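Bear in mind the structure is a predicted one, so any value in this text is a computation, not a measurement. Quick note on labels: first sequence line is chain A, next is B, and so on, each numbered from 1.
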Protein chains: 2
Amino acid sequence: MPAHHSARSRRATERKGDLRERAILDTCETLLVQKGYDAMTVGDLAQGAGITRGALYFYFGSKQEVVTALVARTVEHLWERSRATAEADEPRRAVTAAMRRTVELWDEHGPVMRTAIDLSLTVPEIGELWSHTADLFITAITAVLERAGVQAGPEPEQAPAMARALCWMIERTFYHASQESHEELQKASSTCEHIWLTSAGLTA
Amino acid sequence: MPAHHSARSRRATERKGDLRERAILDTCETLLVQKGYDAMTVGDLAQGAGITRGALYFYFGSKQEVVTALVARTVEHLWERSRATAEADEPRRAVTAAMRRTVELWDEHGPVMRTAIDLSLTVPEIGELWSHTADLFITAITAVLERAGVQAGPEPEQAPAMARALCWMIERTFYHASQESHEELQKASSTCEHIWLTSAGLTA
DNA sequence: CTCCAACTCTACACAACGTCGATTTTTTTC
DNA sequence: GAAAAAAATCGACGTTGTGTAGAGTTGGAG
């Protein structure tokens, strides 16, 4: 595996391999959309990136590693965008903002996120990545619930447990909707937002 | 190619093959728990059932077919039990009863149901089976919501769409909880019940 | 007994994975 | 700007797991 040392000097020395690596990940994302994880072979991946199978194994140890790297890249992008959103806001607004952001993310990276979810059971690394991401959402939802007056605490009817269930609801609902269309995603978002608000006691 | 399950049900006596078939499915369920779908090979399956790979292919055309049959068997059992539960009841009671039944199902068949969910994307037959099952739940939830006063209709904030989201919430929450323990399942159930009731406007 | 269907096995062909060592290309160093 | 080092590429190989083919075995009905 090539070392990933960041900026060394004023001259950004981008190796040829870095290009290839990105090409492989891009190909992977494309293929995931076109044929899905199972049908995608290492040969396809290599061909898409313009190299042979042998060469691909210089960059990644396995098909799983490629996908893991792709998930990592996507998830990182996701974190960045999440950080950007202000959290200290009136609860109702916060919910709306969060849902809009979520729609954007799924619109953009639906297939990769679906794959990540599918593989998080069988590929421990991806499971790690995804559960970490989920935790971020869960703590965010928890914060909103508590600010809206839901009691904090470890019991099943208190904020953290509810946030967890709501997170899974959103994940799963978007998972399905993103297979259909952008419109479905919007509707799904409205529904989830409504349930979230109701659970928080913010009924209109 | 030998004809498959079409005319078998008419037989009076139980053939040796029916035993084998069941043995294969039982083995499949065991292996699913022990090693998971990917790690389970057709050889393992055959060995567990006391036959060779070749013989197994007499009964099932592929590994996927075996799992599909197992899912079908499990799901059928699930339908039977669901039918048994009375539907015409006071909403609050209906919710509690439904959740208790769901806990039982996951306690009993957690691994198979998790596998069904995982494969419903890649194996169309399983997807069919599972989405049909989900529809049963969704209509049941819809009925409860409407009886509790939630408006009927196709809009994202009306009963059917909400029922769908709640169904996915329950599915996903139980999916995760059933990997942990029976206790987690119970807690998950309480949380889901609470959110369901709140969404229905049945706040205590 | 014999015949047919149900059942079982071994052997084979194939596809995809991951490894290896040799070789070529790119980058660094002097 | 050439030699040395590192990075990148290739093609061939061994392995594993899948699904198929065809031959052989059992057991019950006529």
Return the value, rounded to whole Å, for the distance between atom CZ of A:F58 and atom C1' of D:dA6.
9 Å
Can we call the ring centroids of A:H132 and A:W79 under 6.0 Å apart?
yes
Counting distance only, does the side-chain N/O of A:E65 pair as donor-acceptor with the main-chain N or O of A:G61 below 3.5 Å?
yes
Using a 4.0 Å heavy-atom cut-off to protein, can you give one letter per nucleotide of nucleotides 16-26 of chain C, 5' to 3': B if the base is in contact, S if only the sugar-phosphate is, - if neither?
-BBB------S
Full working for side-chain hydrogen bond (donor to acceptor under 3.5 Å, both in side chains) between A:W130 and A:E125:
CA-CA 9 Å; A:W130 193 252; A:E125 280 226 340; over 6 Å; no
Contacts of B:S189 that satisfy side-chain contact (heavy atoms from CB on, under 4.5 Å) - sequence neighbours left out:
B:M99, B:V103, B:F174
Whole angstrom value for the distance that separates P of D:dC10 from CD of A:Q47
12 Å
May I have the distance from B:Y59 (atom OH) to C:dC9 (atom C1'), rounded to whole angstrom?
13 Å
Nearest-Å distance for atom pair CD/P, residues B:E65 and D:dT18
14 Å
Can B:K187 and A:E155 be counted as an ion pair, charged N to O under 4.0 angstrom?
no
What is the separation between atom CG on B:L45 and atom C1' on D:dT18, rounded to the nearest whole Å?
13 Å
D:dA7 C1' sits how many Å from A:D18 CG, rounded?
11 Å
Does a side-chain N or O of B:R20 approach OP1 or OP2 of C:dA6 to a distance below 4.0 Å, or not?
no
Closest to the B:T52 side chain, choosing from C:dT10, C:dA6, D:dC10
C:dT10
Rounded to whole angstrom units, what separation is found between the CG atom of A:D38 and the P atom of D:dT18?
13 Å
Using a strict threshold of under 4.0 Å (side-chain N to carboxylate O), is an ion pair present between A:K63 and A:D38?
no
